[in-house]
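Letters go in sequence order (proteins before strands), and every chain restarts at 1.
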2 protein chains.
Amino acid sequence: MLADVTTEPSHRVLVVDDEESLTDMIASALRFGGYEVSTENNGYDALRSIKRSSPDVVVLDVNMPELDGFEVCKRIRRDGINTPVIFLTARHAIDDKRTGFRQGGDDYLTKPFSLEELGLRVEALLRRTQPESDSSRVSVGELTIDEGAHQVWFGEQEIDLSPTEFRLIHFLAINRGRVMSKAQIVAYVWEYDYDGEYGIVETYVSYLRRKLGPAGAKLIETVRGVGYVIR
Amino acid sequence: MLADVTTEPSHRVLVVDDEESLTDMIASALRFGGYEVSTENNGYDALRSIKRSSPDVVVLDVNMPELDGFEVCKRIRRDGINTPVIFLTARHAIDDKRTGFRQGGDDYLTKPFSLEELGLRVEALLRRTQPESDSSRVSVGELTIDEGAHQVWFGEQEIDLSPTEFRLIHFLAINRGRVMSKAQIVAYVWEYDYDGEYGIVETYVSYLRRKLGPAGAKLIETVRGVGYVIR
DNA sequence: CACCGGGTTCAGCAGACTCTCAGGAAACTC
DNA sequence: GAGTTTCCTGAGAGTCTGCTGAACCCGGTG
C-alpha cells in the first residue's frame with residue numbers, strides 16, 4: 001500500500017550533546033524521519049528544556065562538561081519526570097551502561113552508531129510509551145477515523161459504517177488532499193481489478209455522503225472526470 | 001544486575017534460542033537477577049509458550065531453523081499480543097535491526113553480548129511496560145476480570161465462565177477498544193492456526209453474552225465483517 | 001454405566017450488506 | 001442552448017454474516 005502516511009501530530013524529540021555538529025546531524029536525521037526535534041548543548045539547558053516542553057523522548061549524550069547526561073537523567077527522574085531517555089556515549093564499558101540504566105535510562109547507544117539505528121530505537125521506545133498512537137488515527141477537519149477501533153466520527157457524532165464504506169472513507173482520508181481515481185479506489189477498496197464498472201464507487205460515495213449528514217457530505221468532493229478527494 | 005532483594009513477585013521472562021547451552025546460560029543469569037525464567041528451543045514452542053503463559057518479556061533469538069525470531073514476533077503481534085521482545089542475534093547488519101524493530105521488537109542485542117547488559121535491558125524494558133499492566137486485573141466499564149483468580153464480575157455480579165469463555169473475554173478485555181478479527185481471536189484463544197472455520201467464535205460470543213445478562217451483552221460489540229470489540 | 005460439564009459442529013433464520021440498474025440531475029463541450 | 005458525458009441516488013434482488021438452539025462428542029466422576 002502506500003507510503004506510510006503519518007497523519008498524527010509528530011512526536012517531539014529533544015537531542016542533547018555538547019558537540020553542536022553532532023546534535024545538528026542527529027536532529028536533521030530525526031526530522032527526516034518525521035519527528036519534531038529540538039536541541040540543547042549542555043546539561044543545564046537540557047534540564048530546563050525538558051521541564052518546560054516535556055518532549056516525548058530525550059536523546060542524551062553522557063559526556064558533557066559540568067552536568068553530564070547521567071546527572072541530567074537522575075535529576076529529572078527525581079523530579080518525577082518519566083520521559084524516556086536514550087543515552088549516547090563513546091564509552092562502552094559495562095560500568096557505564098550499568099550506571100545509565102540504573103539512572104533510569106531506557107536505552108543506551110555507543111558511538112559510533114548508525115543514525116538509522118537511533119531512529120529505530122526512538123521509534124520502538126515511542127511505540128511502548130505512547131500507547132495511544134498504536135490504533136492509528138486519521139483526522140481531516142471534523143472527520144476522525146480510528147482504524148484499530150474501526151470507528152468514525154464527524155464532529156462529536158459517531159458514524160456507523162459498513163466494512164466497504166469504512167475502507168472507502170479510510171482510503172480517501174489517508175490520501176487526503178490528493179484526488180483518487182475510481183480505478184485507484186476500486187483497486188484498494190475492492191482489492192481486485194475490475195472491468196470498467198465504476199458505478200459501484202459512485203454508489204458508495206453516495207452512501208457515505210448520506211451517512212455523514214448535510215455538513216459532512218461536502219467533505220467528499222467530486223472531481224468530475226478524475227475522481228474523488230477529501231480535503 | 002544483582003541482587004536487588006525485593007519482595008515483589010518476580011517478573012517472568014521467556015528465553016528462546018535453538019542452542020540449549022545458550023538458553024541455559026542466559027536463563028541462569030536472569031534467575032540470578034531475580035527473574036522467573038522459562039526457556040524454549042524453537043519458534044513453534046515459543047509461540048505456544050507465549051500464548052499460554054504470557055510472560056512479561058521475551059528474549060528471542062533471531063536465527064532459528066523453521067520459524068525464526070522475526071517470524072515469531074510478527075505472528076504474536078498479528079495476534080494482538082503486546083509482550084515486549086528483545087531480539088538476540090549474531091548478525092549486526094543494519095538491515096536486520098530494521099527488520100527486528102519493524103516487526104514490533106523493543107530491543108536488539110548482537111552476539112556476543114554481556115549477560116549483565118541483557119539483564120539491564122530486560123530491567124529497563126520492564127520498568128517501561130509493567131506499570132501499565134500492573135496487576136492481573138483488567139476492567140472495562142462494569143466488567144472486571146481477574147486473571148490470577150480466574151474470576152469475572154459484571155457490576156456486583158460474579159459470572160461463572162468455562163475456561164474457553166474466560167480466555168475469550170480476557171483477550172477482548174486486554175485489547176479493549178480495538179476490534180479483534182476472528183482469526184486473531186482463534187489464534188489466541190484456541191492456540192492454533194485454524195482454516196476458515198470461525199463459527200466457534202460466534203458460538204462462544206453467544207455464550208458470553210448470555211451469561212453476562214441483558215445489560216452486559218451489549219459490552220461485546222459485533223463489527224460486522226471485521227470482528228468483535230469490548231469498549 | 002449414567003450423568004455432567006465443557007467443547008465443537010451444524011443448520012435455520014433474520015438482518016445487514018453488496019451490487020446492479022435506471023431515471024434524472026448536473027456539468028461540460030461546442 | 002443543445003447535445004453529450006458524467007455523476008447521483010433510490011429501489012430491489014441476491015448474497016453473506018452472525019446469532020442461536022440443538023445435537024453430538026468426549027473425558028471425568030459418582
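Taking atom CD1 of B/Ile200 as the reference point, atom P of C/dT8 lies 4 Å away to the nearest angstrom. Atom-to-atom, CG of B/Leu161 to P of C/dG7 comes out at 10 Å; the value is rounded to the nearest Å. One atom, CD1 of B/Ile185, and another, C1' of C/dG7, lie 17 Å apart when rounded to the nearest Å.
The ring of A/Trp190 has its center no closer than 6.0 angstrom to the ring center of A/Tyr198.
Against DNA chain C, the stretch residues 202-219 of chain A makes heavy-atom approaches under 4.0 Å through A/Thr203, A/Tyr204, A/Tyr207. For the segment residues 221-231 of chain A, the set of residues with a heavy atom within less than 4.0 Å of an atom of DNA chain D comprises A/Thr222, A/Arg224, A/Gly225, A/Tyr228, in numerical order.
Residues passing the ring pair (Phe, Tyr, Trp, His ring centres under 6.0 Å) test with B/Phe70, sequence neighbours excluded: B/Phe87. Taking B/Phe171 as the reference, B/Tyr188 meet the ring pair (Phe, Tyr, Trp, His ring centres under 6.0 Å) condition, with sequence neighbours excluded.
Remark: the A/Thr83 side chain and the A/Arg77 side chain contain no N/O donor-acceptor pair separated by less than 3.5 Å. A/Arg209 and A/Thr222 are linked by a side-chain donor-acceptor pair at a separation below 3.5 angstrom, with hydrogens and angles left out of the test.
When the shell of 6.0 Å around CZ of A/Phe32 is examined, it contains 12 or fewer heavy atoms from other residues, nucleotides or ligands. Remark: B/Lys218 NZ is loosely packed, at most 12 non-hydrogen atoms of other residues, nucleotides or ligands lying under 6.0 Å away.
Side chains of B/Asp17 and B/Lys111 form a contact here, defined as non-hydrogen atoms less than 4.5 Å apart.
Between atom CG of residue B/Leu60 and atom CD of residue B/Glu40 there is a gap of 11.5 Å, rounded to the nearest 0.5 Å.
Of all nucleotides in DNA chain D, those with any atom nearer than 4.0 Å to a heavy atom of chain A start and finish, going 5' to 3', at D/dT5 to D/dA11.
Here B/Arg137 does not pair with B/Glu147 in a salt bridge; the nearest charged N to carboxylate O distance is not below 4.0 Å.
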Indicate every side-chain donor-acceptor pair of residues 153-160 of chain A with a distance under 3.5 Å to a residue at least two apart or in another chain.
| residue | atom | partner | partner atom | Å |
| --- | --- | --- | --- | --- |
| A/Glu158 | OE1 | A/Gln151 | NE2 | 3.4 |
| A/Glu158 | OE2 | A/Gln151 | NE2 | 3.2 |

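Comparing A/Glu165 and B/Glu165 by the nucleotide of DNA chain C that holds the closest heavy atom to each, the one mapping nearer the 5' end is B/Glu165.
Between C/dT18 and A/Trp190, no contact under 4.0 Å exists linking OP1 or OP2 to a side-chain N or O.
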